[in-house]
Asks: 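Just passing along the structure, written as structure tokens.
Quick note on labels: first sequence line is chain A, next is B, and so on, each numbered from 1. Only heavy atoms go into these numbers, but all of them, side chains included; no hydrogens, no water, no symmetry mates. Treat the numbers as computed from the prediction; the structure is a model and nothing was measured.
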Number of protein chains: 2
Amino acid sequence: MSSILTAIQEKHEGLNRQEQNLARYILDHSQQVVTMGITDLAEQSQTSTATISRFCKTFHFQGFTDFKMKLSTELVQMPSNATYQDIVAGNPMDRIVQAVEANHLRSIADTTRLIDFKQLKLAVDALHKAKQVDLYGVGTSSVVTQDFYQKLVRIGKRSTAFPDPHMQITSASALSTGDVAIAISYSGETPETIHSLQSAQERGATTISLTKYGSNTLSNISDIRLFSSTLEEGMRRGDMASRIGQLHVIDIIFTCLVSEHFHELVPTLERSYQMVKQYTYKGRDN
Amino acid sequence: MSSILTAIQEKHEGLNRQEQNLARYILDHSQQVVTMGITDLAEQSQTSTATISRFCKTFHFQGFTDFKMKLSTELVQMPSNATYQDIVAGNPMDRIVQAVEANHLRSIADTTRLIDFKQLKLAVDALHKAKQVDLYGVGTSSVVTQDFYQKLVRIGKRSTAFPDPHMQITSASALSTGDVAIAISYSGETPETIHSLQSAQERGATTISLTKYGSNTLSNISDIRLFSSTLEEGMRRGDMASRIGQLHVIDIIFTCLVSEHFHELVPTLERSYQMVKQYTYKGRDN
DNA sequence: TTTAAAAAAGAAAATTATTTTCATAAATAT
DNA sequence: ATATTTATGAAAATAATTTTCTTTTTTAAA
């Protein structure tokens, strides 16, 4: 625990009655306290602003503001217990910006915590060995497959990412042992995607799934299981965070792949970059 | 450097005279600033408390106190999220995961600080009024246009997002006054994308650009200018963060649009959700 | 017990910090 | 050259924090 909170805990018995109440409140709600004003804290902790001000001086802070600052600095590494926020009617723009930012930051942080290094390593190795990579996903997930497709092309890996489910199954039937099929579906229950991955598996391909965390059909039938963070139930309108989490996983796989086989892959990556630049003469990136 | 200081640095040219003086002072004395009051800072930086207060809101902090708090937090945890990290050879997987996470978190934080609410509002209004929305982008950026396309379709907004530049220009020629064209290019110098947006503009459409922050051709020719955070120079292999920043902006626009016209748009959104669910019988999302 | 003294605690006043308003100056467009 | 917009600081308004002062509670001594 942080040194400030430890100090408060240790000194607890030596404090006055109201100071003890305050101390307990701070220990129980440290995360919130740093965002509160002295008036709110007085109300919440059933004490008074005067007590709080004195309390801070007791612990040799310049005052309440100084205390909050130092505490906040100490708490930075602690996990936040915020929740994903859905879109609601008529929010002011600054609230929306804040909410979307929080959702995305959280999705990335949560997804990172869910990564299973064993599964990740298996995925990276399978991709490296694959002669051919198939990517399956419909709707929102097809955007993610397109993204991965673009990356794989740049390192010279043969791959396909058809947005059309029929083409996906058709492509799956052309795979063979040693090839890799990756299926992406947030729910893990999209029938088209499941069928495509099943077909790929029947052809002997190594199958990888990327779904929300927890048991689901797609994940259960696949050889290698990757996950992105799970949103609150019933989040439909503001479910954009799930896609960010999926892309985050894709980026991690890709980065690991390139880093591990750096000398083999980077020249190709570099060449593709130069070629595009040259072809579009004036342009740099896109 | 911290994401807040980076944002201040990036936006420097776009600020007013006194705001620039303030920005320079903060960049040069970041460590002291977090301990100063607004009056001291006004005096030291030769500006006024009003300018400082406004400055903090420009960067989407709640106010000066909030700014100090966030800055102080960042200055402490700097070493880990110091700069965007490129892919290097033979990094262990846990380092890679950390690095990718840091890049993505930073990209989202940086991009949020760069948002100009006036431009955002203009973009949201233009989209709401548009009969037809065209999306232009090639390569990596085409994935982002696909993503936005999917969202717009779900709220019943007519739009197109061809990955083929020829089709993009062709589509542009069918636009008219009141329609909207959005062009996405990280560098802002992709010729195909610039041409498409120019064509759209000639047809009388309202043009919106989404590029890296700073002056660039695409941004300069467009009516409404949106930006995502700028990566370190020469980041090619690990430039995945730019796409995350762009998607972040897209999500913010979309969320603002839906929130502002909630009762008009959410039924359509809800219906599209139900229809897909029903059609794919077993599936839920994708 | 009762009472005096000391400590604790909150209400309210005073102080300090921050934000907003408003008038003016500077810049930009017409 | 003039109108309009934008930027800015002074000052007013508001908010946050600290201090003072009074009341209450506790402790100690008679």
Side-chain angles (χ1 to χ4, degrees), chain A residues 4 8 11-26 29 32-73 92-95 98, chain B residues 4 8 11-26 29 32-73 115-122 215 220 223-225:
Chain A
I4 294 173
I8 293 175
K11 211 167 178 175
H12 194 269
E13 296 311 310
L15 298 169
N16 300 322
R17 184 174 49 81
Q18 282 297 73
E19 287 180 329
Q20 288 193 7
N21 291 340
L22 176 59
R24 203 163 306 117
Y25 186 89
I26 293 172
H29 307 83
Q32 287 107 293
V33 168
V34 297
T35 66
M36 289 185 194
I38 197 169
T39 323
D40 299 338
L41 179 55
E43 202 172 290
Q44 293 298 117
S45 63
Q46 314 256 47
T47 62
S48 67
T49 62
T51 301
I52 294 170
S53 189
R54 281 189 291 253
F55 177 89
C56 294
K57 304 241 159 133
T58 308
F59 284 93
H60 312 303
F61 296 102
Q62 276 177 226
F64 179 64
T65 312
D66 185 45
F67 165 73
K68 263 201 308 191
M69 199 88 138
K70 302 256 166 76
L71 181 60
S72 139
T73 300
M93 276 199 327
D94 57 344
R95 300 300 310 279
Q98 263 190 326
Chain B
I4 294 172
I8 292 175
K11 210 166 181 175
H12 193 269
E13 296 311 309
L15 297 170
N16 300 323
R17 185 174 50 79
Q18 283 297 76
E19 288 179 330
Q20 289 193 6
N21 292 339
L22 176 60
R24 204 162 307 119
Y25 186 89
I26 293 172
H29 307 82
Q32 287 108 291
V33 168
V34 297
T35 66
M36 289 185 195
I38 199 170
T39 321
D40 300 338
L41 179 55
E43 202 171 292
Q44 292 299 117
S45 64
Q46 313 255 45
T47 62
S48 66
T49 62
T51 301
I52 295 172
S53 188
R54 280 189 293 253
F55 178 91
C56 295
K57 303 239 158 129
T58 307
F59 285 92
H60 314 307
F61 296 100
Q62 278 176 225
F64 178 65
T65 313
D66 185 44
F67 164 73
K68 267 199 308 190
M69 200 87 140
K70 302 255 167 74
L71 181 59
S72 143
T73 301
I115 288 168
D116 180 332
F117 278 19
K118 279 210 199 92
Q119 299 288 306
L120 176 59
K121 184 83 175 72
L122 288 173
S215 178
N220 292 341
D223 301 322
I224 301 171
R225 291 150 202 203

Asks: Could you pull out the protein-nucleic contacts involving nucleotides 17-25 of chain C (nitrogen or oxygen on both sides, under 3.5 Å)?
Replies:
| residue | atom | partner | partner atom | Å |
| --- | --- | --- | --- | --- |
| C:dT18 | OP2 | B:I38 | N | 2.6 |
| C:dT19 | OP1 | B:F64 | N | 3.2 |
| C:dT19 | OP2 | B:S53 | OG | 3.2 |
| C:dT19 | OP2 | B:F64 | N | 3.4 |
| C:dT20 | OP2 | B:K57 | NZ | 2.7 |

Asks: Could you check how far CZ of A:R17 sits from C1' of C:dA7, rounded to whole Å?
Replies: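 For the pair A:R17 CZ and C:dA7 C1', the rounded distance is 12 Å.
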
Asks: Let me know the distance between CD of A:E19 and P of C:dA7, rounded to the nearest Å.
Replies: 14 Å

Asks: Rounded off to whole Å, could you give me the CG-to-P distance for the A:N16 and C:dA6 pair?
Replies: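 Between P of C:dA6 and CG of A:N16: 17 Å.
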
Asks: Output all residues satisfying side chain to side chain donor-acceptor pair (under 3.5 Å) with B:T65, sequence neighbours left out; order by chain, then residue number.
Replies: none

Asks: What residues form a side-chain contact (heavy atoms from CB on, under 4.5 Å) with A:R17, not counting sequence neighbours?
Replies: none

Asks: Output every pair passing ring-ring contact (aromatic ring centres under 6.0 Å, His included) with a member in residues 39-58 of chain A, not counting sequence neighbours, ordered by first then second residue.
Replies: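 Listed once each, the pairs are A:F55-A:F59.
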
Asks: To the nearest Å, how far apart are A:Q46 CD and C:dG10 P?
Replies: 10 Å

Asks: Which residues pass the side chain to side chain donor-acceptor pair (under 3.5 Å) test with A:K57, sequence neighbours left out?
Replies: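 By the side chain to side chain donor-acceptor pair (under 3.5 Å) rule, A:K57 matches no residue at all.
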
Asks: List for me each residue that meets side chain to side chain donor-acceptor pair (under 3.5 Å) alongside B:D40, sequence neighbours excluded, and say none if there are none.
Replies: none

Asks: Reading DNA chain D 5' to 3', which nucleotide is the first, and which the last, to come under 4.0 Å of any heavy atom in chain B?
Replies: D:dA7 to D:dA10

Asks: Relative to the ring of B:F64, is the ring of B:F67 parallel (under 30°), tilted (30 to 60°) or perpendicular (over 60°)?
Replies: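 Judged by the thresholds at 30° and 60°, the geometry between B:F67 and B:F64 is tilted.
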
Asks: So, using side chain to side chain donor-acceptor pair (under 3.5 Å) as the criterion, who are the partners of B:T47 when residues are at least two apart?
Replies: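 With sequence neighbours excluded, B:T47 shows a side chain to side chain donor-acceptor pair (under 3.5 Å) to B:S45, given in chain and number order.
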
Asks: Listed by chain and number, what are the salt bridge (charged side-chain N to carboxylate O under 4.0 Å, His left out) partners of A:K68, not counting sequence neighbours?
Replies: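 A:K68 satisfies salt bridge (charged side-chain N to carboxylate O under 4.0 Å, His left out) with no residue once adjacent residues are dropped.
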
Asks: Using a heavy-atom cut-off of under 4.0 Å over every strand shown, decide if B:T51 touches base, sugar-phosphate, or nothing.
Replies: sugar-phosphate

